[in-house]
Amino acid sequence: MTIELEKASFVHNGEALLQETSLRIESGACVLVMGPSGAGKSLLLKILAGIIPLSTGRIRLDGRDLQQISDRELRKMRTRQGFVFQDAALWQNLSLRQNLSLPLQYNTPRFPPEEIEARIAHLAKRIGFYQSLDLRPARLSSGNQMMAGIMRALMTHPEICFFDEPSNGLDTATQQNLLEILQDLKRQGKTLVIASHDSTIAARLADWFLLIDRGEVIFFDTAHNSTRAGNPRVREILQGVLGLSTAYDTDILGILGEEILGGEDESPFG
Ligand SMILES: Nc1ncnc2c1ncn2[C@@H]1O[C@H](COP(=O)(O)OP(=O)(O)OP(=O)(O)O)[C@@H](O)[C@H]1O
């Protein structure tokens with residue numbers, strides 16, 4: 001699924017929280033959205049997912065203008081997208097099982113209940129939640145709530161998935177599980193848009209970097225081309241966000257490779 005923004009902006013109380021932006025995310029791309037705190041990463045993800053409406057401009061999914069399609073079509077489109085919210089945003093008064101089944105029941109009322117159960121079972125096995133399905137979210141750690149939020153987003157088998165800071169609050173083992181899930185989704189050709197400062201995701205998964213600073217997209221290119229970014233602010237953010245200690249002039253990919261993979265032979269960017 002491709003997503004396109006054309007002269008898109010979001011203005012709130014006279015302030016442009018997303019400055020006029022035109023970009024196109026190709027089907028199957030894995031885009032890492034980075035930027036300082038408050039820069040507008042979550043906002044951009046929600047705009048791309050059609051959760052927050054634009055103030056100006058157009059948004060197209062697979063060439064279809066979201067502002068011009070019927071509610072019914074919009075609902076159908078929604079099942080092709082998954083969104084993992086920063087704080088998991090589970091419904092606290094429902095069990096985990098109900099949290100997982102609700103999006104499918106709501107968006108596809110005639111979806112067979114046994115297929116919903118099969119999907120829940122598959123994901124629970126994959127993520128390791130089998131014992132907890134009848135618990136309410138509050139009984140889980142915040143890291144496990146995030147994993148449950150990921151399961152919920154994957155219930156519809158989305159073609160595109162948005163992840164807002166998915167590594168937050170995860171212990172090392174769960175982070176590894178998350179990385180494997182993301183790698184699986186990438187192998188399946190899903191489009192992934194991930195807001196994160198996780199340098200492992202940057203090195204092992206992302207093929208595009210998008211940098212946002214005070215509501216302005218200041219870089220959107222391949223991870224590889226980020227090594228040649230001339231804009232000092234882009235370099236500064238990449239250094240800061242990815243926690244690189246060495247001068248940027250050396251090759252960022254090399255630095256990431258050494259710092260993250262610790263001498264493994266595998267190239268961080270394949
Ligand atoms: N729906 C909304 N309506 C109005 N303002 C919003 C909305 N969503 C976000 N904002 C504002 O947009 C700005 C950017 O916030 P956002 O949460 O996108 O930043 P961020 O880069 O994700 O930050 P962090 O890394 O701290 O999560 C903030 O000033 C925020 O208050």
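In each ligand, atom 1 is the first atom listed, and ligand 1 is the first ligand listed. All values below come from the heavy atoms of this structure, side chains included, with hydrogens, waters and symmetry mates left out.
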Note: Gln86, heavy atoms under 4.0 Å from ligand 1, region reported as side chain
_Phe10-ligand 1 polar pair, N/O distance under 3.5 Å_ = no
(request) Please examine the side chains of Leu185 and Leu154, heavy atoms only from C-beta on, and report whether any two atoms are closer than 4.5 Å. (result) yes
Min heavy-atom dist Pro36 to ligand 1 below 4.0 Å
yes
> Gly35: heavy atom below 4.0 Å from ligand 1, yes or no?
Replying inline: no
Practice problem: Evaluate side chain to side chain donor-acceptor pair (under 3.5 Å) for Thr174 paired with Asp171, printing each intermediate quantity in order. | Solution: CA-CA 5 Å; Thr174 318; Asp171 60 29; 2.5 Å; yes
Sequence neighbours excluded, the answer for ring pair (Phe, Tyr, Trp, His ring centres under 6.0 Å) partners of Phe111 is none
In the structure I gave you, are the side-chain heavy atoms of Trp208 and Phe220 within less than 4.5 Å of one another anywhere?
yes
Honestly, for Lys41 the part within reach of ligand 1 (heavy atoms, under 4.0 Å) is both
Checklist entry - Below 3.5 angstrom, do we get any N/O pair linking Leu43 and ligand 1? => result yes
Rounded to the nearest 0.5 Å, the CG atom of Asp164 sits from the CG atom of Asp87 at a distance of 8.5 Å
Contact region, Ile212 to ligand 1, non-hydrogen atoms below 4.0 Å, reads neither
among protein heavy atoms, the one nearest atom 14 (C) of ligand 1 is Gly38 O, 3.4 Å
The atoms of ligand 1 lying under 4.0 Å from a heavy atom of Ile52, numbered in the order shown, are 1 (N)
For this session: Using a distance threshold of 4.0 Å (strictly less than), state whether atom 30 (C) of ligand 1 has a protein heavy-atom neighbour.
Result: no
Please confirm whether Ser37 comes within less than 3.5 Å of ligand 1 when only nitrogen or oxygen atoms on both sides are compared. yes
Rounding to 0.5 Å, atoms CG (Leu5) and CG (Leu23) come to a distance of 4.5 Å
Using a 4.5 Å side-chain heavy-atom cut-off and chaining through intermediate ILVMFWY residues, the residues clustered with Leu102 come out as Trp91, Leu94
inquiry  = Do Ser95 and Leu133 have side chains that approach each other closer than 4.5 Å (heavy atoms only, starting at C-beta)?
reply    = no
ask   = Do any N/O atoms on Leu17 end up under 3.5 angstrom from N/O atoms on ligand 1?
value = no
